[in-house]
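Along the sequence shown, residues carry numbers from 1. The model shown is predicted, which means the values in this text are computed figures rather than measured ones.
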Amino acid sequence: YGNPKVCNDEHVQFAEHFKNNTAKLLLAPVMHILAQHDKGVFVTDTVLRMSLTFVNNCVEMAPTYKLIKPNLDWLLFRVIFNQLCLNDEEMELFNDDPSEFVRKVHDPLEEWTDTRVAAINVLQMLARYRLKDTLPRIMSFISLTLVEHAKAPLDPVNYRNKDGILVAIGALSPVLRENKTYKVQVEPFMLAHVIPEFASPVPYIRFRAFWVVEYYDMMKWKNESTFHAILQGCLNGLRDKSIPVRTAAATSMKMLFEKPAAHDTIRPILKEIIQEYFNLMEEVDSTTILSVIQSIVMQFGDELYTFAPQMIHKIMEQFAEYSAEASTDNEADEAAFSACECLETVMHILDVVAEPHPEMLAQIEVTLVPIILQIVSNGEQCYEYIESILSIIGFFTYYPDTISPAIWSLCGPLLHALHEWAYDYILEFTTPLLNYISKDINTFLSLNHEGVSHMERLIMISEKALVHDM
């Protein structure tokens, strides 16, 4: 309500008053809180985050920015930069519980509570709206800090500051990639200060270097050697001893897989790369890894089709773990989401395999049919998976010349589920059911489930549909 540019029309008058009067009054105590924190006085993370959020809003508005500007160096290099740097709590989590560290890095809910994210938002707002005031200062500060780091890279103060610099470079990527003045400096910076850190003796700095790469994955490098240095660094990072480093390297490769320049390097070792991703999935719960596997499948489906049964087997093992956790804990929304992502990844694989290589489906169904039967038998407890399951069955009932006995064994339970608890998905059921009937009407008419013939069940469903629609 306090910014006339974004509020509703009925709140404009209030917003104008807030911007020109109230916000200026509130800014002083907020800056005092930040100053107290800078001096070592205890301030809760919630208060610190909310203070930074208020400053973030004040940067855009001219009346409040005039009050901020005289203190800009202090705000940038004492308040914001200190929040960007690695802290003791993060280092402890990184070393003692790397899987939890990875979970927090990829958890979108953390953005609502993380003071670093709040500081990044202020930095980005300053770079966006006050570029001439801020970016030259920031780049000068970065240069000086990197000089100090080079003198003693293993000194804890120096490598923590290097971490803060890398976070700043990642956060400023939208500006640095597009601004003509700074765009030309990105590639030399990557070559001098990011790529070498792929081999840093400090694991956390290796992690942060790969983290930065993800923010520049769409960058067009002047020298092809820069791209290949990043690619090779990420491939090496997949075998790093540190779980967070491996995860950062794995996620940073998502866009690299889509670049034709990478394909000749990747193809000979594609199966080994896939195996590294599956190994990583066993150590961390991250849907980001699944999204990268989806990207690999979309780019290299033709080369991977012989490996598809093993891939789906591994993915469904993960699905079983996620779905079991979701079924025993009503609060495990993250596990349910991860289970859905597993099914989504299976659909990506089937999408590139089923049509050109329908012969592979017989090997794949060995893994999928028992799990699908279990899902359909569990009833409404597995409601969130039924749409994906129906899409998966669609591949097995459409592409092969004949439907296998194992896939026929799913028809009865599907009809039962549609009649009893999954009626809302009647349209999604239509495709596999039509495939069953059109491919082999005689088998459809001859089968039954729990003493009720498939035809009889279909008539019951039709009656329910007519009554429901009326």
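- The distance from the CD1 atom of I393 to the CD atom of E365 is 11.5 Å, given to the nearest 0.5 Å.
- Applying the ring-ring contact (aromatic ring centres under 6.0 Å, His included) definition to pairs two or more places apart or across chains, those involving residues 47-84 are F77-F141, F81-F141.
- Judged purely by atom type and a 3.5 angstrom limit, R130 uses its side chain to pair as donor or acceptor with the backbone of V59.
- Salt-bridge annotation for E90 and R116: present, with a side-chain N of the basic residue lying under 4.0 Å from a carboxylate O of the acidic one.
- When atom types are taken as modelled, the side chain of E428 and the backbone of S391 share no donor-acceptor pair closer than 3.5 angstrom.
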Could you give me the CA-CA distance, side-chain angles and deciding distance for I296 and L270, then say whether side chain to side chain contact (heavy atoms under 4.5 Å, CB included) is met? CA-CA 9 Å; I296 296 172; L270 192 55; 4.0 Å; yes
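- Of all heavy-atom pairs spanning I315 and I349, the tightest one is CD1-CD1, 3.6 Å.
- P244 and F94 make their closest contact through CB-CE1, 3.4 Å (heavy atoms, listed as atom of the first residue, atom of the second, distance).
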(request) Mind running side-chain hydrogen bond (donor to acceptor under 3.5 Å, both in side chains) on Q232 and N236 for me, showing each step along the way? (result) CA-CA 6 Å; Q232 193 58 55; N236 293 338; 3.3 Å; yes
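- Contact annotation: the side chain of M139 approaches that of Q185 to within less than 4.5 Å [non-hydrogen atoms, C-beta and beyond].
- The environment of M91 atom CE is dense: over 12 non-hydrogen atoms of other residues, nucleotides or ligands sit within 6.0 angstrom.
- A salt bridge is absent between D217 and K254; no separation between the charged side-chain nitrogens and carboxylate oxygens falls under 4.0 Å.
- Side-chain atoms of D38 never come within 3.5 Å of backbone atoms of L34 as a donor-acceptor pair (strictly under, hydrogens ignored).
- A donor-acceptor distance shorter than 3.5 angstrom exists from the side chain of T44 to the backbone of V47, with no hydrogens or angles considered.
- Every residue two or more places apart in sequence or in another chain was checked for a side-chain hydrogen bond (donor to acceptor under 3.5 Å, both in side chains) with Y215, and none qualifies.
- In this structure a side-chain-to-backbone donor-acceptor pair under 3.5 Å is present from N21 to H17.
- Atoms OG1 and CH2, on T247 and W211 in that order, are 15.5 Å from each other to the nearest 0.5 Å.
- Among residue pairs with one or both ends in residues 216-252, none qualify as ring-ring contact (aromatic ring centres under 6.0 Å, His included); sequence neighbours excluded.
- For K66, the NZ atom sits in a loose shell: 12 or fewer heavy atoms of surrounding residues, nucleotides or ligands are nearer than 6.0 Å.
- Atoms CZ and CG, from F101 and L93 in turn, are 7.0 Å apart once rounded to the nearest 0.5 Å.
- Sequence neighbours left out, the pairs with a member in residues 261-285 that pass ring-ring contact (aromatic ring centres under 6.0 Å, His included) are H263-F300.
- Using a distance-only test at 3.5 Å, with no hydrogens or angles considered, no donor-acceptor pair links the side chain of T64 to the main chain of A23.
- Using a distance-only test at 3.5 Å, with no hydrogens or angles considered, no donor-acceptor pair links the side chain of D240 to the main chain of R246.
- Side-chain contact between F257 and I273: present, with at least one pair of heavy atoms (C-beta onward) separated by less than 4.5 Å.
- The distance from the CD atom of E341 to the OG1 atom of T288 is 9.0 Å, given to the nearest 0.5 Å.
- Taking CZ from R78 and CG from N71, the interatomic distance works out to 13.5 Å, rounded to the nearest 0.5 Å.
- The list of side chain to side chain donor-acceptor pair (under 3.5 Å) pairs with a residue in residues 296-305, not counting sequence neighbours, reads R267-E303.
- For residues 92-101, the pairs satisfying side chain to side chain donor-acceptor pair (under 3.5 Å) are E100-R103, with sequence neighbours left out.
- Of the possible donor and acceptor atoms, one in the side chain of S252 sits under 3.5 Å from a partner among the backbone N and O of A248.
- Ring geometry for F395 versus Y399: interplanar angle under 30°, hence parallel rather than tilted (30 to 60°).
- The minimum heavy-atom distance between A127 and L135, with the atom names listed, is CB-CD1, 4.5 Å.
- Looking at V186 and M219, their side chains come closer than 4.5 Å, going by heavy atoms from C-beta outward.
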Hey, mind stepping through I230 and L256 against side chain to side chain contact (heavy atoms under 4.5 Å, CB included) and telling me if it holds? CA-CA 9 Å; I230 292 172; L256 300 182; 4.2 Å; yes
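- Note that the OG atom of S338 and the CG atom of L343 stand 11.5 Å from one another [nearest 0.5 Å].
- Listed for the N158 side chain is a donor-acceptor partner under 3.5 Å among the backbone atoms of A152.
- Side-chain contact check for K220 versus R177: every heavy-atom pair is 4.5 Å or farther apart.
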### Message
Could you go through N56 and Q124, starting from their C-alpha distance and side-chain angles, then the distance that decides it, and tell me whether this counts as side chain to side chain contact (heavy atoms under 4.5 Å, CB included)?
### Response
CA-CA 9 Å; N56 185 47; Q124 291 174 331; over 6 Å; no
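- Looking at heavy atoms from C-beta onward, K162 lies out of side-chain contact with P153 at the 4.5 angstrom threshold.
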Output, in order, the C-alpha distance, side-chain angles, deciding distance and verdict of side chain to side chain contact (heavy atoms under 4.5 Å, CB included) for V117 and R49.
CA-CA 9 Å; V117 173; R49 177 177 53 81; over 6 Å; no
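- In this structure, Y159 has its ring center no closer than 6.0 Å to that of Y204.
- The shortest distance between side-chain heavy atoms of D133 and K69 falls below 4.5 Å.
- Under the 3.5 Å distance criterion, the side-chain polar atoms of E187 are matched with a main-chain donor or acceptor of N223.
- Around the OH atom of Y398, the shell of radius 6.0 Å holds no more than 12 heavy atoms that belong to other residues, nucleotides or ligands.
- In this structure, K19 and P63 approach most closely via the heavy-atom pair O-CB, 3.7 Å.
- You'll find the side chain of L84 reaches within 4.5 Å of the side chain of L123, heavy atoms only.
- Taking both residues in full, the closest heavy atoms of A250 and L280 are given as CB-CD2, 3.8 Å, listed atom of the first, atom of the second, then distance.
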- Assess whether ring pair (Phe, Tyr, Trp, His ring centres under 6.0 Å) is satisfied between Y383 and Y425, documenting all intermediate values. CA-CA 10 Å; Y383 196 81; Y425 288 98; 5.3 Å; yes
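- The nearest pair of heavy atoms linking N87 to R160 is C-NH1, 3.6 Å.
- In this structure the side chain of T367 never reaches within 4.5 angstrom of the side chain of P309, judged on heavy atoms.
- Counting non-hydrogen atoms of neighbouring residues, nucleotides and ligands closer than 6.0 angstrom, the CD atom of E110 exceeds 12 such neighbours.
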